[in-house]
Amino acid sequence: MNEVSELRRSAAISQLQSDGWLVHVDWLHEIDSTNSLLKRMLVDQASSSLPRLVVADRQTSGRGRGKNAWWSPDGCLMFSIAWRPDRSAQSELSEFQSRMSQLPLVVGVSIASALQSILVNRDTIKVKWPNDVYVDRRKLAGVLIESIVGAADPVWIIGAGINVLVDMDSAPETIRSRATSLHRECTSAASISLSMESILIAIVQRLCETLALWQANSDFLSRLWQDYCLLTGRWVEIQTSDKRIQGTCCGIDDRGALIIQDPRGVHHTILSGVVESWT
Ligand code: BTN
């Protein structure tokens with residue numbers, strides 16, 4: 001890394017620390033996976049001060065949702081934040097636990113809204129329930145949320161990979177036809193100042209704001225995830241833990257569940273599942 005890049009990186013780390021939300025910030029050259037690293041750290045130090053951010057230039061075993069790997073090339077912004085929600089902000093433990101299923105959506109809309117202003121066409125950025133960020137039909141960012149089992153207060157690891165400056169021509173064919181990068185989608189004015197550091201700062205600031213709104217139970221967030229829903233009006237096929245549902249998506253309800261109307265007109269409310277295909 002040259003001197004200018006090093007200076008830009010340390011300025012970004014200082015800004016993230018002085019913004020006042022994050023307690024620790026580490027920017028590593030290479031790691032297996034930023035999510036895995038934070039999980040290992042927190043199993044040993046369950047009571048450590050959070051939120052803690054780890055960013056990596058390279059991941060040797062980047063992980064996606066389910067059993068998927070995450071292609072982690074140069075130019076992909078890859079980070080994880082370990083975060084402990086404030087349980088006292090919720091009236092009941094059960095209410096708190098049920099609201100945790102909204103976290104993927106909260107993170108997805110945070111990323112989409114942080115990036116929207118630099119796109120050529122602002123309306124093309126959407127969230128594919130629960131948390132993939134798309135521009136038109138191409139994936140721009142993926143989110144992997146995990147929890148640390150056994151900690152006295154639940155700790156969540158929010159991992160995100162954003163194709164900022166990725167050269168899509170070098171991607172494996174299956175990814176090339178389905179993914180995009182910010183560099184490809186942003187305005188020429190924005191591309192001049194596009195950097196991993198500026199994008200990281202914009203996303204972390206937005207995450208801090210939206211997580212605070214979410215903790216305060218703000219109605220604003222459910223309007224946000226309705227607005228950003230990529231699947232509304234589309235035909236989708238979803239696999240849940242016990243069934244496969246096909247139908248037209250009617251949007252996302254206030255609880256963060258996807259609503260599907262099947263061909264018989266029956267509405268299904270899906271709190272967790274995998275969207276296998278969509279048109
Ligand atoms: C997905 O789309 O399936 C989720 C991809 C999440 C990738 C990020 S990159 C940083 C963090 N560390 C990982 O190993 N995965 C997440």
Side-chain angles (χ1 to χ4, degrees), residues 12 16 22 24-43 50-83 101 103-112 114-115 125-135 137-148 155-166 168 171-172 174-182 196-197 199-204 206-207 228 230-231 238-239 258 272-278:
L16 287 162
L22 298 168
H24 294 281
V25 177
D26 295 298
W27 199 316
L28 310 174
H29 175 56
E30 185 175 291
I31 193 71
D32 53 350
S33 145
T34 52
N35 266 44
S36 304
L37 174 67
L38 278 173
K39 278 175 107 175
R40 288 194 295 271
M41 281 175 166
L42 289 158
V43 163
L50 301 179
R52 177 172 199 142
L53 167 70
V54 176
V55 196
D57 293 325
R58 283 205 199 125
Q59 292 188 130
T60 50
S61 302
R63 294 188 288 113
R65 288 179 77 208
K67 293 197 169 97
N68 295 334
W70 178 254
W71 183 57
S72 307
D74 286 350
C76 183
L77 173 63
M78 297 166 290
F79 70 86
S80 303
I81 297 176
W83 176 68
S101 64
L103 192 55
L105 263 175
V106 173
V107 175
V109 295
S110 301
I111 296 176
L115 302 179
I125 193 160
K126 297 281 177 196
V127 175
K128 183 179 137 246
W129 183 91
N131 56 12
D132 289 337
V133 179
Y134 272 70
V135 176
R137 295 192 67 87
R138 289 172 183 267
K139 183 160 163 172
L140 176 69
V143 174
L144 174 65
I145 297 187
E146 298 178 298
S147 59
I148 308 254
V155 172
W156 293 83
I157 313 283
I158 300 168
I162 300 110
N163 296 323
V164 177
L165 298 166
V166 174
M168 282 300 161
T174 47
I175 295 177
R176 201 182 318 149
S177 53
R178 295 201 223 138
T180 190
S181 71
L182 260 188
M196 308 287 259
E197 289 83 2
I199 297 301
L200 176 67
I201 290 170
I203 292 175
V204 169
R206 187 55 55 86
L207 257 178
Y228 279 103
L230 172 74
L231 301 175
I238 299 202
Q239 183 65 50
L258 198 68
S272 117
V274 176
V275 177
E276 303 261 328
S277 64
W278 49 286

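One-based numbering, in listed order, for ligands and for the atoms of each.
Across V166 and C76, no two heavy atoms sit closer than the pair CG2-N, 3.5 Å. The nearest pair of heavy atoms linking T34 to A56 is CG2-CB, 3.6 Å. What you find for W70 and A141 is that their closest heavy atoms are CH2-C, 4.4 Å. Taking each heavy atom of G62 and S72 in turn, the nearest pair found is CA-OG, 3.9 Å.
We find that D32 and R63 are not joined by a salt bridge, their nearest charged nitrogen and carboxylate oxygen being 4.0 Å or further apart.
Protein heavy atom closest to atom 11 (C) of ligand 1, with residue, atom name and distance, is T34 OG1, 3.2 Å. The closest protein non-hydrogen atom to atom 12 (N) of ligand 1 is Q59 OE1, 2.9 Å. W70 CE3, 3.3 Å is the protein heavy atom nearest to atom 5 (C) of ligand 1. Of the protein's non-hydrogen atoms, K139 NZ, 2.6 Å is the one closest to atom 2 (O) of ligand 1. The protein non-hydrogen atom at the shortest distance from atom 6 (C) of ligand 1 is R63 O, 3.6 Å.
Below 4.0 Å from some heavy atom of S80 lie the following atoms of ligand 1, by number and element: 11 (C). Close contacts of ligand 1 with G62, meaning ligand atoms under 4.0 Å from a residue heavy atom, involve 14 (O). Residue G64 approaches ligand 1 through these ligand atoms, each under 4.0 Å from one of its heavy atoms: 1 (C), 3 (O), 4 (C), 5 (C). Near V143, the atoms of ligand 1 lying under 4.0 angstrom from a non-hydrogen atom of the residue are 4 (C). Distances below 4.0 Å separate heavy atoms of D132 from the following atoms of ligand 1: 2 (O).
Using a 4.5 Å heavy-atom threshold, the side chains of I157 and L42 count as touching. Contact check for V275 versus D132: no side-chain heavy atoms found under the 4.5 Å cut-off. The side-chain heavy atoms of K139 and I175, taken from C-beta on, include no pair separated by under 4.5 Å.
The residue from K128, R65, E146, K67 that puts a heavy atom closest to atom 1 (C) of ligand 1 is R65.
With a heavy-atom cut-off of 4.0 Å, C76 does not touch ligand 1 at all.
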